[in-house]
Amino acid sequence: MDIVKVFGTNVRKYRLSMNVSQEKFAEMTGLHRTYISDIERFQRSISLENIQKIADAIGIETYKLFIEN
């Protein structure tokens, strides 16, 4: 399992299910739009603090972002 790919795929899946653009999602998380883009393209490792910000913005438990489908 490639954890960066699983995480990025799940972030994109949840963001799209909320019908939210990367720009709007970045505002919701307090992160930059290009940072969100990098995560979704598997180009960025991410800190635990930012993982929590993303999970909070989505409204899910953090561990769900690491479940491979």
Side-chain angles (χ1 to χ4, degrees):
M1 165 170 48
D2 181 348
I3 196 71
V4 173
K5 188 172 182 178
V6 170
F7 184 83
T9 299
N10 284 333
V11 168
R12 185 172 195 276
K13 176 186 76 172
Y14 282 112
R15 178 182 63 77
L16 292 175
S17 74
M18 296 167 59
N19 199 28
V20 173
S21 69
Q22 284 182 345
E23 187 171 354
K24 177 65 176 171
F25 190 66
E27 289 174 17
M28 293 167 63
T29 61
L31 303 170
H32 196 274
R33 186 202 55 79
T34 58
Y35 189 79
I36 299 299
S37 175
D38 286 350
I39 291 168
E40 292 184 359
R41 292 181 300 114
F42 325 125
Q43 300 297 308
R44 171 93 54 169
S45 292
I46 184 169
S47 72
L48 293 174
E49 183 177 280
N50 289 341
I51 291 168
Q52 188 63 58
K53 288 178 183 180
I54 288 171
D56 290 346
I58 295 170
I60 61 170
E61 297 292 328
T62 306
Y63 76 90
K64 292 183 179 180
L65 292 169
F66 296 97
I67 296 175
E68 188 172 23
N69 291 334

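Scope of the values below: all heavy atoms of this structure, side chains included, with no hydrogens, waters or symmetry mates. Everything numeric in this text was worked out from a predicted model, so none of it was measured.
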Check residues 32-40 and write down every donor-acceptor pair under 3.5 Å in which the side-chain atom is one partner and the other belongs to a residue at least two apart or another chain.
unit_1: H32; atom_1: ND1; unit_2: T34; atom_2: N; d: 3.1
unit_1: H32; atom_1: ND1; unit_2: T34; atom_2: OG1; d: 2.8
unit_1: Y35; atom_1: OH; unit_2: N50; atom_2: ND2; d: 3.1
unit_1: S37; atom_1: OG; unit_2: R41; atom_2: NE; d: 3.1
unit_1: D38; atom_1: OD1; unit_2: R41; atom_2: NH2; d: 2.6
unit_1: D38; atom_1: OD2; unit_2: R44; atom_2: NH2; d: 2.9
unit_1: E40; atom_1: OE1; unit_2: R15; atom_2: NH2; d: 2.9
unit_1: E40; atom_1: OE1; unit_2: Q22; atom_2: NE2; d: 2.8
unit_1: E40; atom_1: OE2; unit_2: R15; atom_2: NE; d: 2.6

From F42 atom CZ to R12 atom CZ, the distance as rounded to the nearest 0.5 Å
9.0 Å

side-chain hydrogen bond (donor to acceptor under 3.5 Å, both in side chains): which pairs involve residues 2-11, sequence neighbours left out?
none

When Ile, Leu, Val, Met, Phe, Trp and Tyr are grouped by side-chain heavy atoms lying under 4.5 Å apart, directly or through other members, which residues fall in the same group as I67?
Y63

In terms of heavy-atom contacts, Y14 and L65 come closest through CD1-CD2, 3.9 Å

For a side chain to side chain contact (heavy atoms under 4.5 Å, CB included) check, start with the C-alpha distance between M28 and M18, then their side-chain angles and the critical distance, and finish with the verdict.
CA-CA 12 Å; M28 293 167 63; M18 296 167 59; 3.3 Å; yes

List in chain and number order the residues that pass side chain to side chain contact (heavy atoms under 4.5 Å, CB included) with I3, two or more places apart in sequence or in another chain; answer none if no residue qualifies.
M1, F66

N/O donor to acceptor pairs below 3.5 angstrom from side-chain atoms of residues 51-58, sequence neighbours left out:
unit_1: Q52; atom_1: OE1; unit_2: T62; atom_2: OG1; d: 3.0
unit_1: Q52; atom_1: NE2; unit_2: D56; atom_2: OD1; d: 2.8

